Undergrad: 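Right, I'll just put the structure down here and ask away after.
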Protein chains: 2
Amino acid sequence: MTGGDELAAILSALDNPHRLRILAALKVGGRNYVSQLAREIGISRPLLHLHLNKLEEAGLVTSQLELSADGKALNYFEVVAFHVELTPETVAAAAATLSDKPEK
Amino acid sequence: MTGGDELAAILSALDNPHRLRILAALKVGGRNYVSQLAREIGISRPLLHLHLNKLEEAGLVTSQLELSADGKALNYFEVVAFHVELTPETVAAAAATLSDKPEK
DNA sequence: TTCATATGTCAGAAATAACTGACACATGAA
DNA sequence: TTCATGTGTCAGTTATTTCTGACATATGAA
């Protein structure tokens, strides 16, 4: 029972090849911190930061700040176990609760 | 078993409140032609045309040109019965087959 | 102190997506 | 012929997203 806005956020978050790969990397390689993940995926850190933010806002990943052995602050991200069914029925139900602005 | 590019197209098509409502309208109200649908949803016909194109390219709707009783050519659209599961696993699998350009 | 690592943020450019307002064409009815 | 209806398309504007290149801050090691 996913709400319209919630589903919209998830779909928006998944509508990007980088973000799909980020999720895949975290799922396959396990939790990781942003600088390291940026190196592995091959995109800039600010850009990865942006994408991770969007994924986190959609509730698809979570982050946790930790201190490494040598004192560096590492922000670890990991995938959340989500499950969304996309069918005409679920889409129609979600669309009915969309809080978009119909005002001109 | 949805391919990466196929899933990307679906997600891209669903990442828009208008298109979610269009799918909902076609699912609930049944098949409809574009001018009529544009009036019901309350958006311009060229805009609806654009969105329907994107939905059709993603394989979420189909269209069929028909002649009405009074001779007008009506382009009827209807929803295709799709079913997509969104989980970390399916996303990871799809991301692995993405044909994006990793060059530069 | 300097270096290498980590964090975050932000302004501006570049690339897409969304949208509007025409235009062109066709048919049946008035 | 004119009107109302349907179809599609396209150029140009606006809005949104994506991306880069800085900047600022912090810590441990050399």
Side-chain angles (χ1 to χ4, degrees), chain A residues 5 8-23 31-58 60-78 98 100-104, chain B residues 5 8-23 31-58 60-78 98 100-104:
Chain A
D5 295 337
I10 292 176
L11 291 170
S12 177
L14 293 179
D15 178 22
N16 182 285
H18 279 328
R19 291 195 285 268
L20 292 181
R21 290 208 192 82
I22 291 168
L23 281 177
R31 64 202 296 274
N32 205 349
Y33 62 97
V34 335
S35 287
Q36 176 62 23
L37 185 57
R39 281 188 293 264
E40 291 179 4
I41 295 185
I43 67 179
S44 74
R45 192 177 53 83
L47 183 55
L48 176 60
H49 190 270
L50 182 84
H51 287 314
L52 283 172
N53 268 9
K54 189 146 189 176
L55 287 170
E56 189 167 28
E57 282 170 16
L60 302 181
V61 301
T62 51
S63 65
Q64 192 171 2
L65 213 58
E66 296 182 11
L67 285 184
S68 66
D70 63 338
K72 260 76 178 175
L74 308 182
N75 199 7
Y76 274 89
F77 280 81
E78 63 185 316
L98 268 179
D100 217 6
K101 46 218 56 148
E103 355 105 14
K104 204 272 136 83
Chain B
D5 296 337
I10 292 175
L11 292 170
S12 177
L14 294 179
D15 178 20
N16 182 287
H18 280 327
R19 291 196 285 269
L20 292 181
R21 289 208 192 81
I22 291 169
L23 281 176
R31 63 202 297 275
N32 204 350
Y33 63 98
V34 337
S35 286
Q36 177 62 22
L37 184 57
R39 280 188 294 266
E40 292 178 5
I41 295 186
I43 67 179
S44 74
R45 192 177 53 82
L47 183 54
L48 176 59
H49 192 270
L50 183 83
H51 287 315
L52 283 172
N53 270 113
K54 188 147 189 175
L55 287 171
E56 189 166 29
E57 282 171 15
L60 302 181
V61 302
T62 51
S63 66
Q64 192 171 1
L65 213 56
E66 294 181 13
L67 284 184
S68 67
D70 63 340
K72 260 74 177 174
L74 307 183
N75 199 7
Y76 274 89
F77 280 81
E78 63 184 316
L98 270 179
D100 216 6
K101 45 219 57 145
E103 357 102 15
K104 203 283 135 89

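Below, chains carry the letters A, B, ... as their sequence lines are ordered, and counting in each starts from 1. Keep in mind the model is a prediction, meaning the values are calculated, not measured.
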Undergrad: For nucleotides 28-30 of chain C, print each protein N/O atom paired with a nucleotide N/O atom at under 3.5 Å, atom names and distance only.
TA:
unit_1, atom_1, unit_2, atom_2, d
C/dG28, O4', B/Asp70, O, 3.3

Undergrad: If you look at every heavy atom in A/Ala9 and A/Ala58, which pair is closest and at what distance?
TA: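 For A/Ala9 and A/Ala58, the tightest heavy-atom pair comes out as O-CB, 3.7 Å.
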Undergrad: Of the listed nucleotides (D/dG6, C/dA18, D/dC19), which one gets closest to any side-chain atom of B/Asn16?
TA: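 Within the option list, the nearest is C/dA18.
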Undergrad: Identify the two heavy atoms, one from B/Arg19 and one from B/Ser12, that lie closest to each other, and give their separation to 0.1 Å.
TA: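 Scanning both residues completely, I find the closest heavy atoms to be NH2-O, 3.2 Å.
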Undergrad: Measuring from atom CG of A/Leu48 to atom NE2 of A/His18, what distance do you get when rounded to the nearest 0.5 angstrom?
TA: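 Answer rounded to 0.5 Å: 9.5 Å.
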Undergrad: With a cut-off of less than 4.0 Å, is there a side-chain N or O of B/His49 near OP1 or OP2 of C/dC19?
TA: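 No, outside the criterion.
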Undergrad: Within this structure, what is the CD1-to-C1' distance between A/Ile43 and D/dG21, rounded to whole angstrom?
TA: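 In whole Å, D/dG21 C1' and A/Ile43 CD1 are 16 Å from each other.
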Undergrad: Would you say C/dT7 has OP1 or OP2 under 4.0 Å from some side-chain N or O of A/Tyr33?
TA: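 Looking at the OP1 and OP2 atoms of C/dT7, neither is under 4.0 Å from any side-chain N or O of A/Tyr33.
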Undergrad: If each of B/Asn53 and B/Gln36 is mapped to the nucleotide of DNA chain D with the nearest heavy atom, which maps nearer the 5' terminus, i.e. the 5' end?
TA: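 Its nearest nucleotide being more 5', the pick is B/Gln36.
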Undergrad: Once you round it to whole Å, what is the distance between P of D/dT5 and CZ of B/Arg39?
TA: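 Going from B/Arg39 (CZ) to D/dT5 (P), I get 7 Å.
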Undergrad: Does B/Ser44 place a side-chain N or O at less than 4.0 Å from the phosphate oxygens OP1/OP2 of C/dT20?
TA: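 For C/dT20, OP1/OP2 do have a side-chain N/O of B/Ser44 under 4.0 Å.
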Undergrad: Enter the inter-axis angle for the ends of the helix from C/dT1-D/dA30 to C/dA30-D/dT1 (five pairs per end, rounded to 10°).
TA: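 Rounded value for the end-axis angle: 10°.
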Undergrad: Specify the separation, in whole Å, of atom NZ of B/Lys54 and atom C1' of C/dA18.
TA: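 About 10 Å, once rounded to whole Å.
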Undergrad: Got a second to check how far B/Leu14's CG is from B/Lys54's NZ, nearest 0.5 Å?
TA: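 Output value for this atom pair is 10.5 Å.
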Undergrad: Starting from C1' on C/dC19, measure out to NE2 on B/His51 and report it in whole angstrom.
TA: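 My rounded result for the distance is 8 Å.
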Undergrad: Please report, rounded to the nearest Å, how far the C1' atom of D/dA26 is from the CG atom of A/Leu74.
TA: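 From A/Leu74 CG to D/dA26 C1': 12 Å.
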Undergrad: Roughly how many Å is it from CG in A/Leu11 to C1' in C/dA17, rounded to a whole number?
TA: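 Taking CG of A/Leu11 and C1' of C/dA17, I get 16 Å after rounding.
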Undergrad: Can you measure B/Glu56 atom CD to D/dG8 atom C1' for me and round it to whole angstrom units?
TA: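 Rounded to the whole Å, the gap is 13 Å.
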Undergrad: As an exercise, state the distance from CD of A/Gln36 to CZ of A/Arg31, rounded to the nearest 0.5 Å.
TA: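 Spacing of CD (A/Gln36) from CZ (A/Arg31) equals 13.0 Å.
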Undergrad: Under 4.0 Å from OP1 or OP2 of C/dA18: is there any side-chain N or O of B/Arg19 that close?
TA: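 Yes, within the criterion.
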Undergrad: How close do A/Leu52 and A/Val61 get, heavy atom to heavy atom, and via which atoms?
TA: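 Taking every non-hydrogen atom into account, O-CG2, 4.0 Å.
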Undergrad: Kindly compute the distance separating CG (B/Asn75) from CG (B/Asn32), expressed to the nearest 0.5 Å.
TA: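 B/Asn75 atom CG to B/Asn32 atom CG measures 11.0 Å (nearest 0.5 Å).
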Undergrad: Which value, rounded to the nearest 0.5 Å, describes the distance between B/Ile10 atom CD1 and B/Asp5 atom CG?
TA: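 Separation between the atoms: 11.5 Å.
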Undergrad: Where each residue is assigned the nucleotide of DNA chain D containing its nearest heavy atom, which of A/Leu50 and B/Leu65 is assigned the position nearer the 5′ end?
TA: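 Nearest nucleotide further toward 5': that of B/Leu65.
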Undergrad: Is the phosphate of C/dG8 approached by A/Asn75 (side-chain N or O, under 4.0 Å from OP1 or OP2)?
TA: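 Checking A/Asn75 against C/dG8: at least one side-chain N or O falls below 4.0 Å of OP1 or OP2.
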Undergrad: First locate atom CD of A/Glu40, then atom CD1 of A/Ile22, and finally report the distance between them rounded to the nearest 0.5 Å.
TA: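 Spacing of CD (A/Glu40) from CD1 (A/Ile22) equals 12.0 Å.
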Undergrad: What is the distance, to the nearest angstrom, from the CG atom on A/Leu47 to the P atom on C/dG12?
TA: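 That distance rounds to 20 Å.
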Undergrad: Counting distance only, does the side-chain N/O of B/Glu66 pair as donor-acceptor with the main-chain N or O of B/Tyr76 below 3.5 Å?
TA: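 Looks like no, no N/O pair under 3.5 Å.
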